[in-house]
Number of protein chains: 2
Amino acid sequence: MADPALDVPAPDVPEPGAPGSSEDPRGVHSAADIATAWQRERPGAPTESIEIVTPIWWLGKLFADDRDRALRAAGIDAATLDLLSVIRRSGPPYALSTREIACRTLVTAGAISQRVARAERDGLVVRRPGTTGRRSVLVCLTAEGHALIERSVDTVLGREARLVRGLSDQERTVLAGLLVKLMADVRRRTGR
Amino acid sequence: MADPALDVPAPDVPEPGAPGSSEDPRGVHSAADIATAWQRERPGAPTESIEIVTPIWWLGKLFADDRDRALRAAGIDAATLDLLSVIRRSGPPYALSTREIACRTLVTAGAISQRVARAERDGLVVRRPGTTGRRSVLVCLTAEGHALIERSVDTVLGREARLVRGLSDQERTVLAGLLVKLMADVRRRTGR
DNA sequence: TGAGTTACGTTTAGATCTAAACGTAACTCA
DNA sequence: TGAGTTACGTTTAGATCTAAACGTAACTCA
């Protein structure tokens, strides 16, 4: 998966006097720079999405990378935590079919099948034949799997809470509201 | 990479009378539901990040999946487009070292090396020994690579513009501002 | 009632990524 | 001046994902 925010062309004639004046010290352009540059290169191009899509993608990657590092140190991995969590959130009796898990995590059923196989091998879940539907298989948390989530939660949440501390309570509320609205709309438009 | 927003436990005693009343028809809980549920399960847990991190990660995935589908139909792939774009944005003479590309795309140098090898095989870039630094290699766009970006831009931008159309101009401006602020802060805290 | 269809989970082939190990060239400095 | 260090790009091993092909069990319906 690569950056979904289309990258940027730079001005055709960069000022030698003020090189990178609006740039990050590491040479990373801001989303606004990107949109402006595409406007200059292709006037009339529909660039209004760049300021939204680029930072969302970068932030997602920054959050994920940070969490991956923290979890690796704890001997867990994000895919497994995600699997256990989605079952946990489904409520008692803490069991979900493969298909449902795939739907709730935006991951393919094949990938879920592999995640479940790994987690079962590690004693975190067990598979049982389901009662409903055609050939459903229920994936159930074991006591060990249940305990693993409980142990990991505070670490991950605490870490993420520190990362969003730069925004005030009010800013976070406004941001969350806009994100939820956008997500509902995107899901409708993409049919997912 | 799995969902970095910690998933949610459901209430221990789900109301049978109103099952999933605040849920998405597909069974996906909203970020607010997730935070509320963790508060109930683990009172005092630092859940303030969930409303931010969860939708960001989901939106990133929705945007990426949609773009991947569109690009596949056009016979390109997102990783290659990302590579070509970052070189394009660096401005004339459209050449960047592997190290710089890795830094600007949040991808490891090894992955860039592989992307460049694929793109070179396809005639989209060429590698040339660099003049500066120790052993730098400049990755340069070919005419074909340059043309490929130009052809792909409008398609991808148009697609993404439609996806964010649910937000008004003002809402997009506010959202973009908050995202930029948050991103600067997260980068500072994670050192990236 | 039995052929066809549908709805699942699993397996396989192939792509791509990360982390770590390498291999070198270019600096440093006693 | 030459051993050690540093800064790169590349290769390798291993993990994981997607898409597509499978294999079945459970429905449908003439």
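Every chain is numbered from 1, with letters handed out A, B, ... down the list of sequences.
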- Applying salt bridge (Lys or Arg N to Asp or Glu O under 4.0 Å), which residue pairs with at least one partner in residues 175-184 of chain B are found, sequence neighbours left out? A:Glu171-B:Lys181

Who passes salt bridge (Lys or Arg N to Asp or Glu O under 4.0 Å) against [X], sequence neighbours left out?
X        : result
B:Arg159 : B:Asp66
A:Asp185 : A:Arg188, A:Arg189
B:Arg127 : B:Glu120

- If we ignore angles and hydrogens, is there a donor and acceptor under 3.5 Å between the side chains of B:Ser97 and B:Glu100? yes

- Task: Compute whether any side-chain donor of one residue and acceptor of the other, for B:Ser85 and B:Asp82, lie under 3.5 angstrom apart.
- Result: no

Nearest-Å distance, [atom1] ([X]) to [atom2] ([N])?
X        : N      : atom1 : atom2 : result
A:Ile76  : D:dT16 : CD1   : P     : 14 Å
A:Arg99  : D:dT24 : CZ    : C1'   : 14 Å
A:Arg127 : C:dT10 : CZ    : C1'   : 9 Å
B:Asp122 : C:dA15 : CG    : P     : 12 Å
A:Asp82  : D:dT16 : CG    : P     : 13 Å
A:Glu100 : C:dA7  : CD    : P     : 15 Å
B:Arg115 : D:dG9  : CZ    : P     : 15 Å
A:Arg118 : C:dT10 : CZ    : C1'   : 14 Å

- Query: How would you label the contact of A:Ser113 with the nucleic acid (heavy atoms, under 4.0 Å): base, sugar-phosphate, or nothing?
  - Reply: base

Provide a list of protein-nucleic acid N or O atom pairs under 3.5 angstrom, restricted to nucleotides 18-20 of chain D.
| unit_1 | atom_1 | unit_2 | atom_2 | d |
| --- | --- | --- | --- | --- |
| D:dT18 | OP2 | A:Thr108 | N | 3.4 |
| D:dT18 | OP2 | A:Thr108 | OG1 | 2.8 |
| D:dT18 | O4 | A:Gln114 | NE2 | 3.4 |
| D:dA19 | OP1 | B:Arg72 | NH2 | 3.4 |

- Side chains of B:Leu81 and B:Arg67: closer than 4.5 Å at any heavy-atom pair? yes

- Using Watson-Crick and G-U wobble pairs with both distances under 3.5 Å, what is the 5'-to-3' dot-bracket string of DNA chain C, with [ ] for crossing pairs and | for pairs outside the strand? ||||||||||||||||||||||||||||||

- B:Ser97 vs D:dG9: side-chain N/O to OP1/OP2 distance below 4.0 Å: yes

- Identify whether A:Leu178 and B:Val180 are in the same connected component of the hydrophobic contact network (ILVMFWY, side-chain heavy atoms under 4.5 Å). no

- Can B:Asp122 and B:Arg118 be counted as an ion pair, charged N to O under 4.0 angstrom? no

